[in-house]
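Read the structure below first, then the notes.
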Amino acid sequence: MQVTTVGLDLAKNIFQVHGITTDGAVAFNKSLRRAQLLQFFENLEPCLIGMEACGSGHHWARQFQKLGHEVRLMPAMYVKAYVKRGKSDAIDAEAICEAVTRPTMRFVAIKTEEQQGVLFLHRARDLVVRQRTQLSNMLRGLLGEFGIVIAQGIGSAVKFAKAVLDGDLPSIPEVAIDVLKNLCSQMVALHLRILWYDKRILLEGRRDPKVMLLRTIPGVGPVTASAIVATAGDGHQFRNGREFAAWLGLTPINRSSGGKERLGRISKMGDRYLRRLLVTGMTARLNQMKANPDRVDPWAMSLRERKSPRVATVAMANKTARIIWAVLTRNERYRPHAA
């Protein structure tokens with residue numbers, strides 16, 4: 001019997017494979033160890049392989065493509081609807097096999113090793129940024145007990161830490177001074193490490209033409225552009241800019257019924273890291289409007305006048321996401337409309 005479709009439930013060591021033939025008959029549903037997996041698919045005629053887009057999904061997808069198979073990755077939340085009852089590896093593999101054949105299923109683009117390498121860099125940077133924020137909050141809380149207040153902003157916290165290391169010590173007990181020096185030394189080290197990550201992301205971005213194209217969009221810096229290209233690739237897996245914005249969770253939730261249109265808050269269902277970068281970039285752009293109103297397009301200026309700052313930044317991020325999709329798919333620089 002010719003196996004046409006295989007559902008693969010990924011794991012660390014024990015994988016479950018479910019295969020069906022042209023007429024829908026089950027050819028096999030069995031478990032394989034990690035060392036047996038590639039050999040098993042080498043012996044199969046080229047077929048369609050469905051997998052969930054998890055941590056190792058892109059790696060295995062590339063391996064199976066080298067063997068001549070067609071591979072499709074799906075979000076795990078979309079596969080869940082095809083699980084009939086219970087929870088086991090065999091049931092999950094069967095659900096994956098069924099979901100991958102659905103005509104309306106949405107698939108995830110398979111990332112290259114280069115894309116995953118850049119995302120490796122971004123995730124490491126994001127971890128260090130969060131550690132610096134945690135350390136800054138701890139410094140503020142501990143010093144606040146002695147009536148010492150650090151000005152708002154991470155720059156103020158780093159400046160205070162450097163001053164402490166240079167000998168400008170506050171009037172607190174000696175045991176607290178020793179702890180403070182240790183924390184300030186860690187704060188400065190984390191800050192320097194983040195600067196290294198920023199420079200490396202900038203260097204890698206200059207090698208990628210798509211990143212340089214995205215940087216022509218107002219409010220999109222080197223970190224945001226690099227993260228978007230590494231995650232979304234060329235953007236052709238999305239039919240239009242609104243799909244891309246919805247994938248980022250920047251479009252309103254639709255609760256329309258009975259012919260009445262009801263739109264709620266943004267869904268926040270997409271990539272949290274990219275959404276945060278875009279909103280942060282639009283917040284910086286909104287702040288620049290106050291200093292340089294003559295450089296802002298009329299739409300953004302009218303939006304700032306009509307809406308609250310946070311609503312305005314999210315709306316700008318939504319529009320910017322659509323522009324990003326257009327720049328990626330057309331492979332050309334951003335050209336603003338004439339006022």
Side-chain angles (χ1 to χ4, degrees), residues 55 58 111 114-144 148-166 179-208 210-212 214-215 217-232 247-250 266 268-288 309-310 313-314 316-318 320-321 324:
H58 297 276
K111 293 182 176 62
E114 290 71 21
Q115 285 179 284
Q116 288 191 292
V118 175
L119 287 177
F120 195 108
L121 181 61
H122 279 274
R123 286 163 184 158
R125 176 187 178 275
D126 187 46
L127 171 65
V128 179
V129 169
R130 285 187 278 115
Q131 290 175 339
R132 185 183 64 177
T133 303
Q134 292 172 349
L135 194 57
S136 171
N137 292 337
M138 171 166 277
L139 278 175
R140 296 177 194 277
L142 293 176
L143 292 173
I148 301 172
V149 178
I150 302 176
Q152 289 185 348
I154 195 66
S156 300
V158 173
K159 183 179 179 181
F160 176 85
K162 291 180 178 180
V164 169
L165 295 180
D166 289 338
V179 176
L180 179 63
K181 287 181 178 179
N182 194 359
L183 292 177
C184 288
S185 177
Q186 188 177 353
M187 167 70 77
V188 173
L190 288 174
H191 182 67
L192 293 176
R193 191 168 299 175
I194 291 171
L195 294 179
W196 180 88
Y197 282 121
D198 289 340
K199 291 181 180 178
R200 186 59 188 270
I201 289 174
L202 180 63
L203 177 62
E204 294 297 324
R206 287 175 177 171
R207 300 173 180 173
D208 194 329
K210 290 186 177 64
V211 173
M212 300 307 294
L214 291 188
R215 289 186 59 184
I217 304 173
V220 178
V223 175
T224 304
S226 173
I228 289 174
V229 172
T231 306
W247 178 71
L248 293 174
L250 290 170
I266 61 172
K268 298 184 180 179
M269 292 293 289
D271 192 301
R272 184 178 181 181
Y273 178 63
L274 295 183
R275 185 171 62 251
R276 186 172 74 242
L277 289 177
L278 278 175
V279 173
T280 302
M282 294 306 109
T283 302
R285 188 183 172 198
L286 194 68
N287 293 334
Q288 291 176 351
R310 180 53 64 206
T313 54
V314 173
M316 292 167 62
N318 188 338
T320 302
I324 287 171

Side-chain heavy-atom pair [X], [Y] within 4.5 angstrom cut-off:
X	Y	result
Lys210	Ile228	no
Ile217	Leu214	yes
Lys159	Ile150	no

If you compare all heavy atoms of [X] against all heavy atoms of [Y], which two are closest, and at what distance to 0.1 Å?
X	Y	answer
Asn318	Leu250	ND2-O, 3.1 Å
Met282	Thr313	CB-O, 3.6 Å
Gly205	Val211	O-CB, 3.5 Å
Leu119	Lys111	CD1-CE, 3.5 Å
Gln116	Gly55	NE2-O, 4.5 Å
Arg215	Ala225	CG-CB, 3.9 Å

- Query: Distance only, no hydrogens: is a donor on one side chain within 3.5 Å (strictly under) of an acceptor on the other, for Arg130 and Thr133?
  - Reply: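 There is no such pair (donor and acceptor under 3.5 Å, judged by atom type) between the side chains of Arg130 and Thr133.
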Just verifying a value: how many Å separate [X] [atom1] and [Y] [atom2], rounded to the nearest 0.5 Å?
X	Y	atom1	atom2	answer
Met138	Gln134	CE	CD	9.0 Å
Tyr273	Thr224	OH	OG1	7.5 Å
Thr231	Leu274	OG1	CG	4.5 Å
Lys162	His191	NZ	NE2	5.0 Å
Leu190	Leu195	CG	CG	11.0 Å
Leu248	Lys268	CG	NZ	14.0 Å

Between [X] (side chain) and [Y] (backbone), is there a donor-acceptor pair under 3.5 Å?
X	Y	answer
Thr320	Met316	yes
Arg125	Asp198	no
Ser185	Lys181	no
Ser226	Pro222	no
Arg206	Met212	no
Ser136	Arg132	no

- Mind checking what makes side chain to side chain contact (heavy atoms under 4.5 Å, CB included) contact with Ala161, not counting sequence neighbours?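 Counting only residues at least two positions away or on another chain, Ala161 forms a side chain to side chain contact (heavy atoms under 4.5 Å, CB included) with Cys184, Met187, Val188.
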- Leu142 pairs by side chain to side chain contact (heavy atoms under 4.5 Å, CB included) with which of Asn137, Ile148, Leu183?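 When Asn137, Ile148, Leu183 are each tested with Leu142, the side chain to side chain contact (heavy atoms under 4.5 Å, CB included) holds only for Leu183.
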- Task: Go through Leu278 and Ile324 one step at a time and tell me if the side-chain contact (heavy atoms from CB on, under 4.5 Å) criterion holds.
- Result: CA-CA 11 Å; Leu278 278 175; Ile324 287 171; 3.8 Å; yes
- Task: Output, in order, the C-alpha distance, side-chain angles, deciding distance and verdict of side-chain contact (heavy atoms from CB on, under 4.5 Å) for Leu135 and Gln131.
- Result: CA-CA 6 Å; Leu135 194 57; Gln131 290 175 339; over 6 Å; no
- Message: Could you walk me through whether Leu180 and Phe160 satisfy the side-chain contact (heavy atoms from CB on, under 4.5 Å) test, starting with their C-alpha distance in whole Å, then the side-chain angles of each, then the deciding distance to 0.1 Å, before giving a yes or no?
- Response: CA-CA 11 Å; Leu180 179 63; Phe160 176 85; 4.3 Å; yes
- salt bridge (Lys or Arg N to Asp or Glu O under 4.0 Å) partners of residues 273-282, not counting sequence neighbours, each pair once: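 Qualifying pairs: Asp126-Arg276.
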- Message: For Ile154 and Val129: C-alpha separation, side-chain torsions, deciding distance, then whether side-chain contact (heavy atoms from CB on, under 4.5 Å) applies.
- Response: CA-CA 10 Å; Ile154 195 66; Val129 169; over 6 Å; no
- Message: Does Arg140, at its CZ atom, have more than 12 non-hydrogen atoms belonging to other residues, nucleotides or ligands within less than 6.0 Å?
- Response: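 Buried by this count: over 12 neighbours within 6.0 Å.
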